[in-house]
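Read through the structure below, which is laid out as structure tokens, and then see the notes.
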Amino acid sequence: MDFELRGAREKLEREQKEGKERARLRLQKERKAKQEAIRQREAIEAAQRIRRLDAAEAQLKANQQMEESMLAGKGVILFRILEAVPYQGYGDKIKLPPSCFTELSDQGALDKGPMYFQLSKVQQDGSPTTESTEQQNHGTTHSGVLEFTTNEGFVELPPHVWNNLFSSEPPSTPLIEVRYVRLPKGTYAKLQPDGMGFLDMPNHKAVLETSLRQHATLSQGDVVTVNHGELSYKLRVLELKPSSSVSVLETDIEVDIVGPDLASGRADQHVLVPLTLGKAESGIVKEGKYNYYKFTVDTDVSEKIASGFANIEVRIEAETSSGDTDLYVSKHPVIFPNQHQHEWSSHDVGSKVLFLGSKDENLGAGTYSIGVFGFKGTTKYQIVVGIEDNNSLKVGEQAAASSSKLDSDSLACRNCKHYIPSRSIALHEAYCFRHNVICQHAGCGIVLRKEEAENHMHCERCGRTFQKAEMEKHMKVFHEPLHCPCGVILEKEEMVHHQSTVCPLRLITCQFCGDMVQAGTSATDIRDRLRGLSEHESVCGSRTALCDSCGRSVMLKEMDIHRIAVHQKN
């Protein structure tokens with residue numbers, strides 16, 4: 001009996017203990033559930049608070065952008081984020097979608113003059129945003145507008161704008177902010193080329209002015225590319241006035257070009273090394289490469305050369321026999337002479353001398369360029385340009401001519417055809433027939449020693465005379481086809497004539513802007529063709545200027561006719 005009572009009591013105590021434990025666990029679970037609910041409610045409230053703050057900040061930013069756009073656009077607002085795509089064009093004019101034209105037109109922007117836009121690169125997720133990166137990539141520039149024809153959601157950028165926005169590798173989907181702004185007219189610009197070549201051009205400011213005609217704006221920090229024939233130069237905008245971004249349309253800008261930034265100069269850029277007359281300069285040129293030099297002929301020396309009393313001597317002394325060079329000389333505006341474009345050349349093997357004298361029509365006062373081309377191997381050489389006096393030579397020639405005239409008792413040698421005094425003609429002919437031979441090539445007739453005759457050769461294609469060892473070089477230089485950038489294929493002599501007279505890519509001086517420009521093809525207007533105007537001159541001459549006498553706006557190419565017909569001025 002006692003055993004049963006004790007078992008019942010233990011069972012009851014155990015059930016009571018388990019009940020208390022279940023109650024404790026239930027209370028603990030309910031307490032945790034309440035705490036979790038509180039945490040969730042606090043998280044929701046925090047998220048809502050952050051969203052409200054973000055919305056307020058976004059609204060504030062939008063209001064600030066609206067105010068900035070209102071101020072920048074002087075009442076006209078256009079702010080878009082568009083995807084950028086490149087197109088091949090010149091200058092800084094972009095292409096926008098038609099909706100931008102509608103929006104600007106509705107706000108009267110067309111009545112406010114030329115339209116300008118601020119373009120800023122949009123920082124996307126994963127893109128670096130450090131200050132150094134921002135300074136390196138720049139990411140902001142300005143532009144004009146070419147047309148409103150691109151697809152909605154896109155903006156087309158010419159190379160100038162694209163390179164200034166995306167100086168490094170662009171993102172897979174490049175986005176930019178496009179904002180309408182008003183810009184003041186520029187009054188001053190300071191630019192710096194990235195190498196020596198640009199300042200070597202005697203008319204570099206005129207070339208820069210022609211290039212800037214394709215631009216509507218300039219922004220501080222931009223890099224402007226200037227093309228001159230086949231050459232391309234880059235100039236960085238260091239300073240602008242009266243603002244860091246200005247309009248360059250219909251305004252006169254004072255331009256300062258400071259010394260080049262040698263640290264950032266391109267290694268492949270040609271440089272003209274100045275030569276002092278009479279002083280030698282050493283150099284090394286590798287096969288297929290050019291070294292360039294320049295020298296100046298003043299008016300006094302030019303008059304002396306034109307009178308026949310002096311010559312310009314360009315001499316190259318090769319210090320190594322393993323290589324060979326070619327020598328090309330030109331007068332500016334051809335700055336870097338080469339096998340296609342030059343006025344004088346020498347292709348002798350080894351050392352060579354080139355004389356420029358009164359018989360050369362294009363010789364005169366000015367700056368000349370010399371191109372030393374590595375024809376074969378690596379050549380170490382010395383180059384010197386000097387003025388050679390001809391007075392002593394002419395006196396000697398006159399003396400020889402006088403003595404020959406005085407001696408009338410002379411006979412022609414049957415072998416060499418030289419006139420020999422009759423008293424020694426028999427002895428001379430015996431020696432001449434034994435040791436000398438006459439070149440039988442038509443038009444040559446030169447007297448040669450018999451041991452030298454084997455090395456004396458004439459080209460079968462052009463008839464030029466040279467040594468046997470020079471045959472391979474002669475055929476390669478003069479008769480290997482050359483390709484002109486305009487597409488024509490000619491031999492050397494014909495190519496030089498082609499590029500100086502008829503090539504559409506040759507440089508000419510525009511009679512309206514004074515710049516050195518590519519001649520281009522014939523003018524499309526038949527009246528301009530009859531006037532002898534080139535393609536560039538036809539377009540450039542269509543610009544108007546005020547007549548000095550009556551103040552009317554007249555096209556530059558019609559100004560002479562206007563002055564004669566209206567004002568009877570010759």
Side-chain angles (χ1 to χ4, degrees), residues 89-93 113-114 116-119 138 140-144 158-161 163-164 167 181-229 231-266 269-272 294 332-333 335 367 507-518 536-537 539-541 543-546 556:
Y90 299 97
D92 65 346
K93 296 180 177 64
Y116 308 108
F117 299 89
Q118 177 181 302
L119 311 177
H138 188 48
T140 299
T141 187
H142 292 76
S143 73
H160 168 79
V161 178
N163 293 333
N164 280 300
S167 57
V181 295
R182 302 292 298 167
L183 296 178
K185 290 183 179 293
T187 58
Y188 173 82
K190 180 190 291 186
L191 295 93
Q192 182 182 47
D194 67 349
M196 296 290 293
F198 183 75
L199 293 179
D200 285 328
M201 288 192 294
N203 56 332
H204 54 267
K205 282 199 173 183
V207 174
L208 176 61
E209 179 183 349
T210 300
S211 179
L212 290 181
R213 288 193 193 127
Q214 300 171 341
H215 289 253
T217 68
L218 278 180
S219 297
Q220 191 167 310
D222 277 0
V223 175
V224 179
T225 301
V226 177
N227 295 312
H228 186 65
L231 304 175
S232 178
Y233 304 95
K234 295 185 182 298
L235 294 89
R236 182 171 296 278
V237 182
L238 299 182
E239 183 182 352
L240 294 169
K241 293 180 181 179
S243 173
S244 60
S245 299
V246 298
S247 165
V248 294
L249 294 178
E250 300 177 358
T251 183
D252 291 328
I253 268 193
E254 178 187 354
V255 177
D256 275 348
I257 301 177
V258 300
D261 183 7
L262 299 179
S264 62
R266 299 198 302 268
Q269 205 169 36
H270 294 316
V271 176
L272 291 175
K294 67 178 178 180
H332 289 189
I335 305 173
T367 303
L507 296 178
I508 62 171
T509 302
C510 175
Q511 57 182 293
F512 302 113
C513 66
D515 188 15
M516 298 301 303
V517 297
Q518 291 182 356
H536 167 84
E537 290 174 323
V539 176
C540 187
R543 296 183 292 117
T544 59
L546 297 179
L556 294 176

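Both backbone and side-chain heavy atoms feed into the values below; hydrogens, waters and symmetry mates do not.
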_Please report the interatomic distance NE2(His160) to CG(Asp222), rounded to the nearest 0.5 Å._
4.5 Å
*List the steps and the verdict of side-chain contact (heavy atoms from CB on, under 4.5 Å) for Asp194 and Arg236.*
CA-CA 8 Å; Asp194 67 349; Arg236 182 171 296 278; over 6 Å; no
*asked:* Using every non-hydrogen atom in the two residues, find where Pro193 and Leu235 come nearest and quote the distance to one decimal.
replied: CA-CG, 3.9 Å
_With sequence neighbours excluded, residues passing salt bridge (Lys or Arg N to Asp or Glu O under 4.0 Å) with Lys190_ = Glu239
*For Val255, enumerate each residue passing the side-chain contact (heavy atoms from CB on, under 4.5 Å) test, keeping only those at least two apart in sequence or located in another chain.*
Leu191, Leu208, Ile253, Ile257
*How would you list, by chain and number, every residue that makes a side-chain contact (heavy atoms from CB on, under 4.5 Å) with Tyr90, sequence neighbours excluded?*
Gln214
*Partners meeting side-chain contact (heavy atoms from CB on, under 4.5 Å) with Ser243 (sequence neighbours left out)*: Pro184, Val246
_Looking at every non-hydrogen atom in both residues, tell me the closest pair between Glu250 and Lys185 and how far apart they are._
O-NZ, 3.6 Å
_side-chain hydrogen bond (donor to acceptor under 3.5 Å, both in side chains) partners of Thr187, counting only residues at least two apart_ = none
*What heavy-atom pair brings Asp256 and Tyr188 nearest, and what distance separates the two atoms?*
OD2-OH, 3.0 Å
*State the CG-CG distance between Asn164 and Leu119, to the nearest 0.5 angstrom.*
10.0 Å
*Taking all atoms of both residues into account, what is the closest heavy-atom pair of Ser245 and Ser219, and its distance?*
OG-OG, 3.4 Å
*What pair of heavy atoms forms the shortest contact from Gln220 to Leu240, and how long is it?*
N-CD1, 3.5 Å
*Which heavy-atom pair separates His215 from Val248 by the least distance, and what is that distance?*
O-CG2, 3.3 Å
*When you measure from the side chain of Thr251 to the backbone N and O of Gly186, does any donor-acceptor pair fall under 3.5 Å?*
yes
*Can you sort out the partners of Leu249 under side-chain contact (heavy atoms from CB on, under 4.5 Å), two or more places apart, ordered by chain and number?*
Pro114, Tyr116, Ala216, Ser247
*Name all residues meeting the side-chain hydrogen bond (donor to acceptor under 3.5 Å, both in side chains) criterion together with Asn163; count only those two or more places apart in sequence or in a different chain, and write none if there are none.*
none
*For Lys294, what residues pass the side-chain hydrogen bond (donor to acceptor under 3.5 Å, both in side chains) criterion, not counting sequence neighbours?*
Asp200
*Can you list the residues that meet the side-chain hydrogen bond (donor to acceptor under 3.5 Å, both in side chains) rule with Thr217, with sequence neighbours excluded?*
Asp92
_To the nearest 0.5 Å, what is the distance between CG on Leu556 and OG1 on Thr544?_
7.5 Å
